[in-house]
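Below: one structure, written as structure tokens.
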There are 2 protein chains.
Amino acid sequence: MHSCLNLGWVDHPVSTARLARLYGLPAAYLNKQLQALVRAGILTSVPGPHGGFRLARNLEHVSLLDVVVAVEGPDSAFRCTQIIRHGPGGRPDVDYRSACAVSQSMRRAELAWRRELAARTLADVAADVTRQNPDAPGHIRAALAR
Amino acid sequence: MHSCLNLGWVDHPVSTARLARLYGLPAAYLNKQLQALVRAGILTSVPGPHGGFRLARNLEHVSLLDVVVAVEGPDSAFRCTQIIRHGPGGRPDVDYRSACAVSQSMRRAELAWRRELAARTLADVAADVTRQNPDAPGHIRAALAR
DNA sequence: GATTGAATACTCGGATAGAGTTTGTCCGAGTCTACAGGG
DNA sequence: CCCTGTAGACTCGGACAAACTCTATCCGAGTATTCAATC
């Protein structure tokens with residue numbers, strides 16, 4: 001998310017090494033995550049010299065949920081193992097991921113989490129950043145200038 | 001959670017082995033989780049023959065969040081590593097777990113999740129179970145009878 | 001027959017290994033750039 | 001002086017190990033029961 005925000009301040013491709021150096025991160029590892037963002041259509045990659053990553057679309061059109069799903073995967077955090085299928089009164093033909101009352105409650109909670117993340121875009125977060133720390137964009141632009 | 005619900009149908013201590021046999025679970029592993037629920041004050045343990053676990057308080061007074069916190073631990077699922085502390089414009093004296101805009105948004109989403117879990121008690125879930133499957137309590141009582 | 005004592009079986013409780021997922025690393029394929037040689 | 005070809009360096013991309021968390025297991029401490037011996 002921070003890398004996406006940083007890319008929002010500039011308008012030219014930035015290499016993984018440059019982005020990683022901002023926070024002292026392992027470049028190869030960050031690259032792995034950025035690739036996931038490319039597969040999700042959030043970033044685009046440019047090979048060769050002067051290449052790197054840039055935003056595929058405006059920050060307004062990228063929700064926090066988009067980023068989370070891209071990095072963490074599409075599976076929900078709570079996974080129902082259908083445990084009561086093997087219990088007394090359990091039927092093999094019922095899908096307890098939707099029928100089990102416990103699973104329903106857990107999914108409802110996770111849905112609230114996702115709803116909150118979906119309602120917030122990276123542009124909203126960027127606005128908060130500039131409000132709280134107006135010279136942050138300048139710092140980032142300077143660090144990412146060619 | 002299922003074990004707590006099951007204990008809600010009976011009023012005598014039930015051993016780990018009995019509870020585990022309901023779903024074909026490893027008894028020693030379930031015991032570990034039940035111990036966590038005891039430490040959290042949700043269950044009480046009774047040693048010796050005819051011992052086991054029983055509810056420490058009524059299901060109405062146990063929220064899903066209580067169970068989750070007892071088993072998963074008190075730490076939030078999202079942990080801010082204060083990454084921007086090492087970036088340009090980062091200050092060592094600021095706690096970015098509360099100051100960072102990204103962290104704020106993630107925490108807000110997790111708060112929505114916790115709020116949902118806190119608003120729902122095990123008694124609510126038990127009511128759903130009896131509504132959807134009225135003979136489930138009978139099945140469990142029969143399986144857990146001395 | 002009632003009581004007391006010890007032995008026994010059953011329970012929880014925390015310390016100890018094994019699998020799975022996340023984190024971190026490496027090298028190869030592709031591409032733009034820059035330079036040198038020739039026209 | 002301009003053009004073209006080639007070598008080089010830089011980038012992403014996916015395949016490969018290490019660390020950590022979660023899952024699963026084992027054995028010891030404690031307690032109610034039960035049985036037998038005694039009063």
Side-chain angles (χ1 to χ4, degrees), chain A residues 1-4 7 10 12-56 67-81 83 86 144 146, chain B residues 1-4 7 10 12-56 67-81 83 86 144 146:
Chain A
M1 280 189 192
H2 283 289
S3 291
C4 289
L7 287 174
V10 300
H12 58 82
V14 180
S15 73
T16 300
R18 200 71 69 83
L19 287 171
R21 204 170 304 139
L22 283 181
Y23 303 121
L25 296 175
Y29 178 56
L30 178 60
N31 189 23
K32 196 176 173 58
Q33 313 298 343
L34 296 178
Q35 284 175 32
L37 293 173
V38 170
R39 279 191 292 271
I42 296 171
L43 302 182
T44 58
S45 63
V46 181
H50 290 34
F53 296 90
R54 67 182 348 166
L55 290 173
V67 179
V68 168
V69 166
V71 173
E72 305 275 342
D75 303 1
S76 67
F78 174 79
R79 56 185 174 88
C80 174
T81 61
I83 192 179
H86 310 296
L144 296 184
R146 304 200 169 196
Chain B
M1 281 188 191
H2 283 289
S3 291
C4 289
L7 287 175
V10 300
H12 58 82
V14 180
S15 72
T16 300
R18 200 71 70 83
L19 287 172
R21 204 170 305 139
L22 282 182
Y23 303 122
L25 295 175
Y29 178 57
L30 178 59
N31 188 22
K32 195 175 172 59
Q33 312 298 342
L34 296 177
Q35 284 174 32
L37 294 173
V38 170
R39 279 190 292 272
I42 296 172
L43 301 183
T44 58
S45 63
V46 181
H50 291 33
F53 295 91
R54 66 182 349 167
L55 290 173
V67 179
V68 168
V69 167
V71 172
E72 306 275 341
D75 303 359
S76 67
F78 174 79
R79 56 185 174 87
C80 175
T81 61
I83 192 178
H86 310 295
L144 296 184
R146 302 203 170 193

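Hydrogens, waters and symmetry mates are skipped; everything else that's a heavy atom, side chains included, is used. In the text below, chain A, chain B and the rest are named by the order of the sequence lines, each starting its count at 1.
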Walk me through whether A/Met1 and A/Val68 qualify under side chain to side chain contact (heavy atoms under 4.5 Å, CB included).
CA-CA 9 Å; A/Met1 280 189 192; A/Val68 168; 3.7 Å; yes
Using a strict heavy-atom distance below 4.0 Å, which residues from residues 20-42 of chain B are in contact with DNA chain C?
B/Asn31, B/Gln35, B/Arg39
For DNA chain D, note the earliest and the latest nucleotide, 5' to 3', having some atom under 4.0 Å of a heavy atom belonging to chain A.
D/dC10 to D/dG14
Could you tabulate the donor-acceptor pairs under 3.5 Å formed by side-chain atoms of residues 28-53 of chain B, not counting sequence neighbours?
from    : atom 1 : to      : atom 2 : distance (Å)
B/Tyr29 : OH     : B/Gln33 : NE2    : 3.1
B/Asn31 : OD1    : B/Thr16 : OG1    : 3.4

Give, for atom [atom1] of [X] and atom [atom2] of [Y], the distance between the pair rounded to the nearest 0.5 Å.
X	Y	atom1	atom2	answer
A/Arg21	A/Ser15	CZ	OG	7.0 Å
A/His86	A/Thr81	NE2	OG1	7.5 Å
A/Leu19	A/Leu7	CG	CG	5.0 Å

Provide, to the nearest angstrom, the distance between the NE2 atom belonging to A/His12 and the C1' atom belonging to C/dC32.
17 Å
Pairs flagged by side chain to side chain donor-acceptor pair (under 3.5 Å) wherever residues 69-79 of chain B is involved - sequence neighbours left out:
none
Below 4.0 angstrom, which residues in residues 44-51 of chain B have at least one non-hydrogen atom near DNA chain D?
B/Pro47, B/Gly48, B/Pro49
Rounding to 10 degrees, work out the angle separating the end axes of the helix from C/dG1-D/dC39 to C/dG39-D/dC1 (five pairs an end).
0°
Please find the pair of heavy atoms, one from A/Ala27 and one from A/Ala17, that lie closest to each other, and give the distance.
CB-CA, 4.3 Å
Of all the heavy-atom pairs spanning A/His12 and A/Leu144, show the shortest one and how long it is.
CE1-O, 3.2 Å
